[in-house]
Each structure stands twice: as C-alpha cells, then as structure tokens.
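Proteins come first, then strands; the chains are lettered A, B, ... in the order of their sequence lines, and each starts at number 1.
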Number of protein chains: 2
Amino acid sequence: MKKNPAFPTSIEEFLEQGEQYYLPHLSIDCVVFGFHDGHLKVLLLQLSNTNEWCLPGGFIQHTEPVDDAAVRIVFQRTGLRNIYLRQFYAFGDPSRQRGKDKLQMPKGAKPNSWIMKRFITIGYWALVEFSKAVPIPDQFSSQCGWVNVTKIPRLILDHNSILDKALQSLRISLNDYPVGKDLLTEKFTMPELQRLYETILNKKLDRRNFQKQILSLEILERLKEKKQGGAHKSPFLYRFDGRKYQLALKKGLRASFA
Amino acid sequence: MKKNPAFPTSIEEFLEQGEQYYLPHLSIDCVVFGFHDGHLKVLLLQLSNTNEWCLPGGFIQHTEPVDDAAVRIVFQRTGLRNIYLRQFYAFGDPSRQRGKDKLQMPKGAKPNSWIMKRFITIGYWALVEFSKAVPIPDQFSSQCGWVNVTKIPRLILDHNSILDKALQSLRISLNDYPVGKDLLTEKFTMPELQRLYETILNKKLDRRNFQKQILSLEILERLKEKKQGGAHKSPFLYRFDGRKYQLALKKGLRASFA
DNA sequence: ACAAAAGTGTTAACCGTACACCCATGA
DNA sequence: TCATGGGTGTACGGTTAACACTTTTGT
C-alpha cells in the first residue's frame with residue numbers, strides 16, 4: 001500500500017486510490033436548499049463530461065463521522081459552515097451504480113474502479129442563507145448553481161427521487177423546525193417568511209392566520225424599523241430572538257403546517 | 001479470488017471471506033417490535049461469547065436492495081415474511097466498530113477482519129405478530145428472544161440509541177400508519193388496541209376518545225362476537241377491514257396521537 | 001350485591017379557517 | 001386618487017379533551 005496523505009492530491013489518484021481515503025460503496029448526497037427572490041432553490045452541479053445534472057455529493061473518510069462528512073460536503077460546495085443539516089433517508093437500490101446509468105467518470109476511470117461500483121447513499125438536506133453561499137463546482141463539474149425547485153431538470157441516477165424525498169422531509173420538518181432562521185437574512189418581513197412557507201408547501205396560505213401561527217411560537221422579535229423602498233405600505237421587520245429560539249427548539253415546538 | 005457461492009458456508013468462511021458476499025462497512029440493524037400480554041417487546045439476541053445483548057442485524061449482499069436485506073434479516077430471526085418494515089435512520093459514527101467496544105468475534109476473527117472494521121448501519125424497525133414469530137438466534141448468538149421495551153438491558157455499541165430512535169420513529173408513525181394490523185392477532189378488542197397505543201406512547205389515553213379517534217379512521221369492522229372468558233363485561237371483537245384498510249393507506253390517513 | 005371493566009353520549013375548550021376593515025405607499 | 005399590499009381583529013365551525021352514566025360479568 002502506498003503512502004496515505006489526508007486527501008487525494010489529484011483526480012487521477014482520487015479515481016484510482018479512492019478506497020484508501022473513503023469508505024467504499026458509500027456516498028452522501030446533499031439537497032441544499034436556499035431561498036431567493038421568492039423562490040425555493042436547490043444547489044445542483046453540472047458534470048463536465050456529459051453535461052448531466054446531479055446533486056452535490058461526496059464520500060465518507062475512513063475515520064470521519066457521517067454527519068461530519070455531510071457538513072464537509074456542504075462546506076466544499078458553498079463555503080459555509082454551521083449549517084443546519086438533517087439526514088432524511090438512505091437510498092440502497094443496487095441499480096445505484098454509475099455504469100448502469102451510462103455514466104462514465106472523466107478521463108478514464110477504469111470500469112472496475114471503486115467509483116463505478118454500487119453505491120448506497122445517505123441523503124441529507126441542508127438549509128443555507130442564499131446570499132452568503134458561494135456555489136463552487138467539484139472536480140467533476142463545470143458548474144454549480146441554484147435551480148428553482150419547480151424547474152429541476154432530469155438528474156443522474158435516482159437523484160430526482162432523492163430530491164423529491166428531501167422536499168417531503170422538509171415539509172414535514174416545518175412542524176418542528178422553524179426553517180426561516182436558516183433560509184432568510186437576519187432581518188426579514190412577515191410576507192417574506194410567508195412566501196418561504198408557501199413555496200416549500202407549494203400552496204397559498206392565509207396572511208392573517210399565518211402571522212398568528214408563527215407569532216404564537218414566540219420566537220420572533222418585531223423590530224421598530226420597517227422595510228423601506230418597496231411599493232405600497234412598509235412591512236415591519238422581524239428577527240429571530242436568539243434566546244427564545246434556542247429555548248423553543250430545546251423544548252420542542254409543534255406547529256401544524258400541511 | 002476463490003469460488004463464490006451465494007452464501008458463506010461456515011462461520012469461518014463468513015469471518016474470513018465476508019467481503020465476497022457482503023458490502024463492507026455496511027450493516028443493517030432491525031428493531032423488531034411485538035406486542036404480547038399488554039406489553040410492547042423487541043427482539044434481542046444474546047451473543048454466545050460475551051453474553052452481551054444486541055439487536056438483530058446483518059449485512060447487505062452485493063447485488064441485493066437494502067430493503068430486501070432488511071426483509072431477509074427479519075425473516076431469518078422470526079421465520080416471518082410480508083412484514084411491515086420502515087427504514088428510520090443511518091448511524092454513522094466512526095466508533096461503531098467492534099474493536100472499540102471490546103467486542104471480539106468468536107473463534108478468532110482476525111483483528112483486521114472485515115467484521116472488525118468500522119460499520120455504518122442502517123436502522124429499520126419492523127412490526128410482527130408476536131404469536132406467529134419464532135425467534136431464531138443467529139450463528140453468533142446463544143439466544144434470541146423478546147424483551148419488554150421497559151426492561152432493555154445494556155446493548156453493544158450504540159444499539160441502545162438505535163432502539164431509542166426506533167421507538168421515537170414508531171411513535172410518530174402512529175399518525176400515518178395504523179400499527180394494530182401488524183402487531184395484533186386478526187381479531188382483537190378495543191381495549192387491547194388501546195393498550196397497544198398506550199404502551200407505544202407510554203401514556204394513558206382516554207377510553208372513549210381513543211375509540212372515537214380509531215373508529216373515525218373507518219378501517220375497523222366490528223364483529224358480532226364478543227370476547228368470552230375474561231372477568232367483567234365482554235368487549236366486542238374487531239378486525240381490520242382489508243379493503244377499507246388498503247384504501248385508507250393509499251389515500252394517506254392522518255391521526256393525531258402524541 | 002359489588003367491584004371492575006366495557007359500551008355509549010354530551011359538553012366545553014380550543015384551534016384552524018374564513019373573512020372585512022383600515023392604513024400606508026408609490027405610481 | 002387609486003391600486004396594491006400590509007397591519008389588525010372577529011366570528012364560525014370542527015376537532016379534541018374532559019367527563020358521567022349505564023351495562024355486563026365473575027366473585
């Protein structure tokens with residue numbers, strides 16, 4: 001066995017020697033959600049060799065906790081740390097294999113290379129603040145960017161179903177996790193928060209009832225300032241109250257969006 | 001590489017050559033729930049060499065869907081097929097490794113044998129009809145039997161937390177899956193069903209409200225017969241109405257137990 | 001006859017939903 | 001001044017939670 005640095009130093013070494021660094025047959029795929037301009041978006045990569053789209057993903061180092069691997073992967077694609085991540089499902093069909101999807105790795109990954117084998121992938125979704133994220137392609141991709149969840153193209157392998165399942169999981173999570181803190185800027189208006197929930201749930205909500213539901217969680221702080229500049233009446237700005245927020249999370253909150 | 005039959009033919013071959021048959025670093029652990037005598041129980045194994053307790057588990061064959069592997073594992077430990085199974089979480093801490101828990105495989109598994117490596121395990125819970133299950137130890141265990149969930153001993157590795165998380169997941173699932181069909185005998189009384197829910201939720205429920213909630217799902221059929229023999233007033237027998245049951249599951253039912 | 005368990009119905013509290021009015025702002 | 005969006009409050013209806021009485025059965 002050859003010398004074993006912490007990370008592969010080239011694509012070639014990665015393809016040839018990946019098993020030295022990573023657990024074989026195992027990957028992580030991340031559905032990174034962002035919210036911008038009234039739309040829910042996810043981070044997608046476009047592969048350099050085939051122009052196909054896929055979810056950002058990666059592998060698990062031999063002594064690395066799986067959760068840490070997910071954190072690392074999101075960091076590598078967005079430059080962001082301290083991200084809210086949730087594991088939602090492990091996908092284990094034997095057809096999850098690059099060869100079966102007519103996918104080839106670039107520049108001659110050997111057909112029996114570790115990366116062409118069957119992979120079981122653990123799905124995580126992540127919430128990031130759109131404006132702070134800097135999408136960075138990985139070594140196999142020509143671009144990394146935000147795509148509106150309503151306009152997802154065909155993705156490789158079973159990545160479309162992974163994305164679907166992530167979205168389902170996110171919807172359910174609205175009831176025990178107030179996603180606004182992670183997806184919006186520090187200060188935001190009630191209509192903005194509502195729009196966020198509406199795009200996640202893909203349905204219209206009543207303005208007044210929404211406000212009551214959210215405020216009843218008692219995790220928001222209304223600021224004196226109002227949002228200036230928009231047409232029409234200026235909405236108040238809100239911010240999550242750090243202390244109350246942590247307390248509520250610890251106690252476990254329960255909303256009922258559906 | 002040697003000849004590759006479908007399964008290892010001995011414990012020795014299993015320990016030495018397991019990677020020929022199974023995906024390395026990956027396992028499945030199953031929390032098999034049963035209900036008997038008014039108590040919620042889980043299937044546990046006692047290891048022959050150390051007398052420690054653990055959850056029934058197993059490995060994934062190279063071309064086997066993960067879900068199928070879980071089905072196979074439950075079948076091997078209970079003799080039952082067509083079991084309701086749900087994947088609930090993947091546990092991926094690097095300390096999940098037999099060496100780190102002072103665990104040795106019997107009869108000289110080599111320290112660097114595949115089975116001593118780090119494992120990521122995918123957790124499933126299963127619901128089985130207690131009276132039909134025939135607990136069968138695996139090749140490493142001296143016994144396989146039912147243990148009351150309130151009396152779980154210390155288990156190997158992180159199996160205690162796996163069990164906890166399975167129970168949490170089961171509780172949440174009460175709201176979209178009527179577990180009674182799988183856990184009770186074909187005919188059962190309303191008090192029995194209530195007791196089942198109470199032990200899962202670990203709280204008392206109101207008799208009358210419980211009955212209303214359950215009946216409002218419209219998946220039960222009340223039989224003319226009553227349960228004879230008990231002291232006190234004879235309760236009616238119920239049975240799940242196969243057609244209505246399937247329909248309700250397809251439409252997606254929604255209760256609110258908590 | 002009595003205790004214990006089971007069947008059934010009623011009421012009050014709460015919550016989700018629907019809805020109306022007023023106000024601020026830029027065009 | 002008008003259209004649009006935002007802030008606020010109320011009333012209805014359905015669901016959940018609390019609760020009481022009667023019936024059956026074995027002792």
Once you round to the nearest 0.5 Å, how far does OG1 of A:T121 lie from CG of A:L157? 9.0 Å

Rounded at 0.5 Å granularity, tell me how far CZ in B:R77 sits from CZ in B:R72. 10.0 Å

Please list residues of residues 168-179 of chain A whose heavy atoms come under 4.0 Å from any atom in DNA chain C, ordered by number; otherwise none. none

Please enumerate all residues that pass salt bridge (Lys or Arg N to Asp or Glu O under 4.0 Å) together with A:R222, with sequence neighbours excluded.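 Not a single residue meets the salt bridge (Lys or Arg N to Asp or Glu O under 4.0 Å) criterion with A:R222.
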
Scan nucleotides 17-27 of chain D nucleotide by nucleotide, 5' to 3', and note B when protein non-hydrogen atoms come under 4.0 Å of the base, S if they reach only the sugar-phosphate, - if neither. BBBB--BBBS-

Pairing of B:D176 and B:R86 as salt bridge, 4.0 angstrom limit: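 Salt bridge present between B:D176 and B:R86.
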
Is a donor on one side and an acceptor on the other found under 3.5 Å between the side chain of A:N160 and the backbone of A:P153?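 Between the backbone of A:P153 and the side chain of A:N160 there is a qualifying donor-acceptor contact (under 3.5 Å).
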
Side chain of A:R171, backbone of A:I200: donor and acceptor closer than 3.5 Å? yes

Round to a whole Å and report the spacing from CD of A:E192 to C1' of D:dG5.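 About 13 Å, once rounded to whole Å.
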
For the pair B:F130 and B:W146, name the ring-plane relationship: parallel under 30°, tilted 30 to 60°, perpendicular over 60°. tilted

Is the ring pair A:Y245/A:Y177 parallel, tilted or perpendicular, if the boundaries are 30 and 60 degrees?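 A:Y245 vs A:Y177 ring planes: perpendicular.
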
Taking any atom closer than 4.0 angstrom to a non-hydrogen atom of chain B, what span of DNA chain C does the protein reach, first nucleotide to last?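 Range of nucleotides touched by chain B: C:dA4 to C:dT10.
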
Does anything in residues 155-165 of chain B pair up under salt bridge (Lys or Arg N to Asp or Glu O under 4.0 Å), and if so which pairs, sequence neighbours excluded? B:R96-B:D158

Tell me which donor-acceptor pairs under 3.5 Å the side chains of residues 33-46 of chain B have, and how far apart each pair is, sequence neighbours excluded?
residue	atom	partner	partner atom	Å
B:H39	ND1	B:N148	ND2	3.1
B:Q46	OE1	B:Q143	NE2	2.9
B:Q46	NE2	B:N51	O	2.9

